[in-house]
Amino acid sequence: MKRPNLCSRALHAALAVLWVTGVGVVGAASAAPAAKPAGPLFHDCHVHLTNYVQEGITAREYLKLMGNRVGRAALFGIPLQQQWSHRVDGDQAPTYYLDSDAPLYYYSFCDAFIAMQYRSLTKSEQARFDPMIIGFNPTDMYAADHIRRALQTFPGVFTGIGEFTIHKEFVSPKVAGGVASLSDPALDRILDFCAETGLVVLLHSDIAKPFPKAATTDYLPEMKALFLRHPRTSIIWAHIGLGRIIHPVRDQMAAIEEMMRDPRFDHVHFDISWDEVNKYAVASETAIERVADVLNRYPGRFLFGTDTVAPREEKAYFGVYHLWDPVWARLTPEAREKVTKKNYERLFDAARVKVRAWEKTHPM
């Protein structure tokens, strides 16, 4: 996605300092040219086949873009549809949630679309994808039933759920039908069902509110409480809680490290997708060294993704990966392999086995 120029590089650097403040950097050597990894460059744990008006590319078109540089990908659309209200926008059809003041609404057909795209592929092509269920409202106690029906209607297809959103800058207030909450029993019911079936969960929830008056982690206590309520559910926290204007908060990396040291959070992983997240990670030499240090010390807890929407152009799509080159250059070969590929394989391969076993014992 093209990044809006909302912040200056100087501001990004200052915010990066907030991200890394609190824990000293283990001395990182100056960046050297990164060795070319064996096989594909990465697996993509976070890519959207369609956009906010349910338009995009086919799975076969995406497969062509992947070529031999991307091994596997978690395949999903976007669960929200931007309404085109002629009363609000006239003849100017919006294609993004920032294009209109009209609301967003949940669009359940996206799951059937993804399933049929997957089924249109050969067996060898299907092996490169892990389709995800997203067409549910996380405030609805019936959401878990939608996920169950999707599994039973399309057995052999889905590996996880998400990316779905609880708190997200600009988006949450626009969703018709009420704002989602980390303490909602409907969300607990969803995660309980994922524990039962083995579905991987890719969850987006900002770590703080937009434009906070002081460095804060508004939602972190609620996130941690949610994780602790569901120790049997495999959860990936998208973007480590960051966003376009959700800047790193003071001591954020230290707070994340605290979670990684606590065995009660061993079922929680973090994706470092989206170019908006990368801008903080590479905003300064200090930030680059700090991020690389954490990835080297906890290589089993992070997954790379592009968070691109309906990607068509190689330069833009692979450009997200190369934005991380300053960090890749500072990782050990083992850490880089885990972050870009092995962690994906471990989580999604385990989910495939568990979900297929559940489907066999729970036919429609």
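Note that the structure is a prediction, hence the values are computed from the model and not measured.
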Side-chain donor/acceptor of Ser108 to backbone N/O of Gly135, under 3.5 Å: yes

Linking Ile, Leu, Val, Met, Phe, Trp and Tyr by side-chain heavy atoms under 4.5 Å, what else ends up with Val53? none

For atom CG of Asp349, decide whether the heavy atoms of other residues, nucleotides or ligands shown that lie under 6.0 angstrom number more than 12. yes

Glu334 atom CD: more than 12 heavy-atom contacts under 6.0 Å: no

Does the side chain of His239 come under 3.5 Å of the side chain of Glu276 through a donor N or O and an acceptor N or O? no

Any donor-acceptor N or O pair under 3.5 Å, side chains Asn343, His269: no

Are Trp84 and Leu80 connected into the same hydrophobic cluster when the rule is that any two of I, L, V, M, F, W, Y join if their side-chain heavy atoms are below 4.5 Å apart? no

Hey, is Arg148 close enough to Glu359 for a salt bridge, meaning N to O under 4.0 Å? no

Please check if the side chain of Arg352 supplies one atom and the backbone of Asp130 the other of a donor-acceptor pair under 3.5 Å. no

Of all heavy-atom pairs linking Tyr298 and Phe302, the shortest is O-CD1, 3.4 Å

Could you see if Tyr105 belongs to whatever hydrophobic cluster contains Val179? Use Ile, Leu, Val, Met, Phe, Trp, Tyr and a side-chain cutoff under 4.5 Å. no

Shortest non-hydrogen contact between Ala255 and Leu220, atoms and distance: CB-CD2, 3.8 Å

Report yes if some heavy atom in the side chain of Ile57 is under 4.5 Å from a heavy atom in the side chain of Leu49; otherwise report no. yes

Ring geometry between Phe136 and His146 (parallel below 30°, tilted from 30 to 60°, perpendicular above 60°): tilted

If hydrophobic clusters are built by linking Ile, Leu, Val, Met, Phe, Trp and Tyr wherever their side-chain heavy atoms come under 4.5 Å apart, do Met116 and Ile133 end up in the same one? yes

Would His362 and Gln152 count as having a side-chain donor-acceptor pair, cut-off 3.5 Å? no

Sequence neighbours excluded - ring pair (Phe, Tyr, Trp, His ring centres under 6.0 Å) pairs with any residue from residues 176-199: Phe193-Trp358

Does some side-chain heavy atom of Thr159 sit less than 4.5 Å from a side-chain heavy atom of Leu199? no

Does the side chain of Ser205 come within less than 4.5 Å of Leu182's, by heavy atoms? yes

Keeping the roles fixed (side chain from Trp328, backbone from Tyr321), state whether a donor-acceptor pair exists under 3.5 Å. yes

Are Arg189 and Asp145 ion-paired here, with the side-chain N under 4.0 Å from a carboxylate O? yes

Counting distance only, does the side-chain N/O of Arg229 pair as donor-acceptor with the main-chain N or O of Asp188 below 3.5 Å? no

Hey, what's the ring geometry for Phe109 with Tyr107, parallel, tilted or perpendicular (30° and 60° as the breaks)? perpendicular

Pairing residues for Glu258 by the salt bridge (Lys or Arg N to Asp or Glu O under 4.0 Å) criterion, not counting sequence neighbours: none

Mark yes or no for whether Thr165, through its side chain, and His167, through its backbone, hold a donor-acceptor pair below 3.5 Å. no

Please check if the side chain of Glu61 supplies one atom and the backbone of Thr58 the other of a donor-acceptor pair under 3.5 Å. yes

Does Lys174 have more than 12 heavy atoms from other residues, nucleotides or ligands lying within 6.0 Å of its NZ? yes

Nearest heavy-atom approach of Ala195 to Thr233 is CB-OG1, 3.3 Å

Other than Tyr344, what residues sit in its cluster of Ile, Leu, Val, Met, Phe, Trp and Tyr side chains whose heavy atoms are under 4.5 Å apart, directly or through others? Phe76, Met132, Ile134, Val200, Leu202, Ile236, Leu303, Leu347, Phe348

Can you confirm whether Ile190 sits close enough to Val201 that some side-chain heavy atom of one is under 4.5 Å from a side-chain heavy atom of the other? no

Pair Ser100-Asp89, side-chain donor/acceptor within less than 3.5 Å: yes

Same apolar cluster: Ile161 and Val353, side chain cutoff 4.5 Å: no

For the residue pair Thr122 / Ser124, report whether a side-chain donor-acceptor contact shorter than 3.5 Å exists. yes

Return yes if some donor-acceptor pair links the side-chain N/O of Asp206 with the main-chain N/O of Glu169 below 3.5 Å, else return no. yes

Tell me if the CZ atom of Arg232 is crowded by more than 12 foreign heavy atoms within 6.0 Å. no

At their closest point, which heavy atom of Tyr52 faces which heavy atom of Thr95, and how far apart are they? CB-O, 4.0 Å

So, does Asn137 use its side chain to make a donor-acceptor pair with the main chain of Tyr106 at under 3.5 Å? no

Salt bridge between Glu345 and Lys341, side-chain N to carboxylate O under 4.0 Å? no

Should side-chain heavy atoms under 4.5 Å link Ile, Leu, Val, Met, Phe, Trp and Tyr, which residues sit in the same cluster as Met141? none

Considering residues at least two apart in sequence or located in another chain, which fulfil the side chain to side chain donor-acceptor pair (under 3.5 Å) criterion with Arg264? Asp262

Tyr317 and Asp44 side chains, donor-acceptor separation under 3.5 Å: yes

Is Arg297 salt-bridged to Asp293, cutoff N-O under 4.0 Å? yes

Fit a plane to each ring of Phe270 and Trp237, take the angle between them on a 0 to 90° scale, and name the class: parallel (under 30°), tilted (30 to 60°) or perpendicular (over 60°). tilted

Does Arg336 reach the main-chain N or O of Leu331 with its side chain, forming a donor-acceptor pair under 3.5 Å? no

Does Asp307 reach the main-chain N or O of Val47 with its side chain, forming a donor-acceptor pair under 3.5 Å? no

Are Leu41 and Thr340 side-chain neighbours, meaning at least one heavy-atom pair lies under 4.5 Å? no

